[in-house]
2 protein chains.
Amino acid sequence: MLERKESPLVSPLIGEKSTIYSYILNDIANAVFQSGDRLVSTKLAEKYQTSINPVREALKQLQGEGFVTVEPNSGARVARFEYNTLRDVFEILQLLEPYLMSWFVEEHSEEDRNEMESLLKEMETATDQEYRALDTQFHWLTVKNHYNIKAVDLWRRNRLILLAMQSNVRLNTTRIKQSIEEHKRIISGLKNRDVTAVLDIMTEHIGNSGKYWTKYLSRNHI
Amino acid sequence: MLERKESPLVSPLIGEKSTIYSYILNDIANAVFQSGDRLVSTKLAEKYQTSINPVREALKQLQGEGFVTVEPNSGARVARFEYNTLRDVFEILQLLEPYLMSWFVEEHSEEDRNEMESLLKEMETATDQEYRALDTQFHWLTVKNHYNIKAVDLWRRNRLILLAMQSNVRLNTTRIKQSIEEHKRIISGLKNRDVTAVLDIMTEHIGNSGKYWTKYLSRNHI
DNA sequence: TTCATCAAAATTATGTGTAATTTATAAAAA
DNA sequence: TTTTTATAAATTACACATAATTTTGATGAA
């Protein structure tokens with residue numbers, strides 16, 4: 001189709017790579033197209049060197065997945081990611097993560113844990129952009145093999161919305177340090193296969209993250 | 001577009017009525033199109049008296065929502081609803097229902113409760129087809145006004161999948177009686193605004209329903 | 001200035017036609 | 001008989017064209 005700068009940030013969460021669908025989703029997740037932006041099919045067709053029909057179909061699919069809203073006779077927009085959305089997404093993740101995680105605690109391999117630890121090492125020296133990518137990889141590792149494909153997909157989509165909302169914003173150092181600490185505790189809980197301990201940390205982890213972002217958003221009147 | 005027999009069964013869960021999208025979704029939810037059936041765009045265009053582009057777009061949206069699978073260069077099919085799907089759907093509902101319900105316990109009006117009681121009355125004399133419709137209405141009442149739109153939508157979609165899987169099958173009388181009893185207990189819990197009691201009954205209710213259907217499916221090797 | 005009105009431009013919605021691809025069918029070879 | 005291969009039919013994918021609708025912007029009246 002067209003030259004596209006790679007978006008390594010989101011890659012694990014977006015499967016197929018070379019479709020208009022994934023181009024647009026990448027651009028949404030990386031805030032190239034931001035909350036509320038109009039997605040004009042003719043413009044997109046030009047951008048991706050194709051005709052409008054494939055674009056419209058991609059937009060319809062993204063509408064079905066909740067990333068795009070389509071107003072009849074008025075066109076498509078990036079879904080509005082604002083305060084309420086963030087709250088809703090976090091609350092859904094707070095239901096999903098423990099469910100997905102409890103399976104992982106029992107079933108994960110030592111290999112998984114090693115991979116997590118190497119991710120954690122990278123986190124310690126990462127910039128905030130890199131940190132978000134690593135954090136995503138870390139959690140993706142804990143959900144991607146779960147038997148409930150629908151739940152995994154759900155998690156993935158909500159996580160992408162978070163990424164889209166956050167990619168404009170810098171993480172502060174305190175929150176990163178706190179977050180790394182929480183990841184460490186998760187790993188040690190996994191080592192002991194201690195389900196309740198891990199779930200406790202997880203809920204705390206998501207809760208803290210949620211608090212951080214809702215505070216951020218309310219401070220900035222989004 | 002075209003004459004369509006109404007599908008009162010699913011109506012509350014499918015919003016807009018006169019689009020190709022909702023026609024197809026209705027037909028899926030009512031098992032006119034069944035699990036795995038091919039959805040040939042030319043045929044559908046003919047059926048709904050339109051061209052293939054709108055059909056393709058509707059199918060793409062349904063793909064995004066998980067009702068349809070699309071294999072490139074091979075076409076669309078109704079998503080496969082089988083044993084694993086049922087398990088996954090029930091497990092997701094088991095996460096969602098308590099979350100949505102706990103809000104309803106606190107916030108519902110007396111009017112809501114009256115409506116639920118009149119639904120319950122109808123249930124006592126309903127055929128199994130009618131029973132499913134009433135049951136759906138009953139639960140829809142408890143979730144539709146929740147502030148978390150994403151969660152509500154999620155519930156709605158999973159519920160539709162259940163309907164699609166079950167619309168072929170007769171409910172037995174014992175299960176209906178048991179189910180009515182559970183509904184009664186839910187209402188009385190609501191009256192007392194007793195969150196924990198209602199949630200307990202809910203988990204039991206979903207659990208029983210899940211058990212019934214997984215048993216049914218495994219017995220019939222689906 | 002502010003509001004209402006109307007025409008032009010932009011954009012969406014969808015119908016039609018064609019190339020590319022896959023699937024189905026049947027004949028030929030093992 | 002079974003497998004392979006070739007051909008025809010069906011179907012998808014997409015470019016293009018046109019109709020319908022909305023948005024924009026200019027003009028004139030209050």
Side-chain angles (χ1 to χ4, degrees), chain A residues 1-4 14-28 32-82, chain B residues 1-4 14-28 32-82:
Chain A
M1 304 274 154
L2 192 63
E3 32 66 47
R4 302 279 307 141
I14 302 178
E16 13 148 31
K17 267 277 159 220
S18 52
T19 61
I20 296 157
Y21 162 83
S22 59
Y23 291 157
I24 298 175
L25 183 49
N26 256 298
D27 282 346
I28 291 174
V32 177
F33 304 138
Q34 298 192 13
S35 167
D37 282 0
R38 285 199 66 185
L39 297 169
V40 177
S41 45
T42 50
K43 302 268 173 65
L44 292 171
E46 198 178 357
K47 177 172 181 185
Y48 301 125
Q49 295 289 320
T50 178
S51 74
I52 60 171
N53 284 23
V55 171
R56 286 180 58 87
E57 284 170 20
L59 290 174
K60 275 285 171 187
Q61 187 178 346
L62 289 164
Q63 178 191 11
E65 295 178 352
F67 295 110
V68 163
T69 58
V70 177
E71 204 76 33
N73 288 319
S74 166
R77 291 172 176 277
V78 178
R80 290 205 172 277
F81 305 137
E82 43 203 5
Chain B
M1 303 269 153
L2 191 63
E3 32 66 49
R4 304 277 309 140
I14 300 177
E16 15 149 28
K17 268 277 159 218
S18 52
T19 61
I20 296 156
Y21 162 83
S22 59
Y23 291 156
I24 298 174
L25 183 50
N26 256 298
D27 283 345
I28 291 174
V32 177
F33 303 137
Q34 298 192 12
S35 167
D37 281 359
R38 284 197 69 185
L39 296 168
V40 177
S41 45
T42 50
K43 300 269 173 63
L44 291 172
E46 198 178 0
K47 177 172 182 187
Y48 301 124
Q49 294 291 320
T50 178
S51 71
I52 60 171
N53 283 13
V55 171
R56 286 179 59 86
E57 284 172 20
L59 290 174
K60 274 286 170 185
Q61 186 179 348
L62 290 163
Q63 177 190 12
E65 295 178 350
F67 295 111
V68 163
T69 58
V70 177
E71 204 76 34
N73 288 320
S74 167
R77 290 171 177 279
V78 178
R80 290 202 173 279
F81 305 136
E82 43 203 6

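Chain identifiers are assigned alphabetically (A, B, ...) following the order of the sequence lines, protein sequences preceding nucleic acid strands; residue numbering begins at 1 within each chain. Side chains included, hydrogens not; waters and symmetry mates left out as well; all remaining heavy atoms used.
- Here the CG atom belonging to A/Asn26 is positioned 10.5 Å from the CZ atom belonging to A/Phe33, to the nearest 0.5 angstrom.
- Residue B/Tyr21 contributes atom OH, which lies 19 Å from atom C1' of C/dA13 at whole-angstrom precision.
- The separation between A/Asn53 atom CG and C/dA19 atom C1' is 15 Å, rounded to whole Å.
- Straight-line distance from the CD atom of B/Glu71 to the C1' atom of C/dT22: 12 Å, rounded to whole Å.
- Taking only side-chain atoms of A/Arg56, from C-beta outward, the nucleotide of D/dT11, C/dG15, C/dA13 with the closest atom is C/dA13.
- Counting to the nearest Å, the P atom of D/dT11 and the CG atom of B/Leu59 are 14 Å from each other.
- Atom OH of B/Tyr48 and atom C1' of C/dA13 are 19 Å apart (whole Å).
- Here D/dC16 presents its C1' atom at 16 Å from CD of A/Glu46, a figure rounded to the nearest Å.
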Q | Full working for side chain to side chain contact (heavy atoms under 4.5 Å, CB included) between A/Ile28 and A/Phe81 | A | CA-CA 11 Å; A/Ile28 291 174; A/Phe81 305 137; 4.2 Å; yes
Q. For nucleotides 19-24 of chain D, read 5' to 3', which letter fits each nucleotide if B means a protein heavy atom sits under 4.0 Å from the base, S means only the sugar-phosphate is that close, and - means neither?
A. --SSS-
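- No option in A/Glu57, A/Lys60, A/Glu65 other than A/Glu65 meets the side chain to side chain donor-acceptor pair (under 3.5 Å) test with A/Tyr21.
- Within the structure, every side-chain polar atom (N or O) of B/Ser41 is placed at least 4.0 Å from both OP1 and OP2 of D/dT11.
- Expressed to the nearest 0.5 Å, how far OH of B/Tyr48 lies from CD1 of B/Ile24 amounts to 5.0 Å.
- Residue-level contact check: B/Lys43 touches the backbone only, with heavy atoms under 4.0 Å from sugar-phosphate atoms and none from bases.
- Taking every side-chain heavy atom of A/Ile52 into account, D/dA17 is the closest of D/dA13, C/dG15, D/dA17.
- The phosphate of C/dG15 (OP1 or OP2) has a side-chain N or O of B/Thr50 nearer than 4.0 angstrom.
- Rounding to the nearest 0.5 Å places CG of A/Asn53 at 4.5 Å from CG of B/Asn53.
- To the nearest angstrom, C1' of C/dG15 lies 17 Å from CG of B/Leu44.
- Note that the OG1 atom of A/Thr19 and the CD atom of A/Gln61 stand 7.5 Å from one another [nearest 0.5 Å].
- A side-chain contact (heavy atoms from CB on, under 4.5 Å) with B/Leu59 is found for one member of B/Ile20, B/Leu39, B/Thr69 and no other, namely B/Leu39.
- Out of C/dT11, D/dT12, C/dT16, the shortest distance to the side chain of B/Ser51 is found at C/dT16.
- Rounded to a whole Å, the CG atom of A/Leu39 is 13 Å from the P atom of C/dA13.
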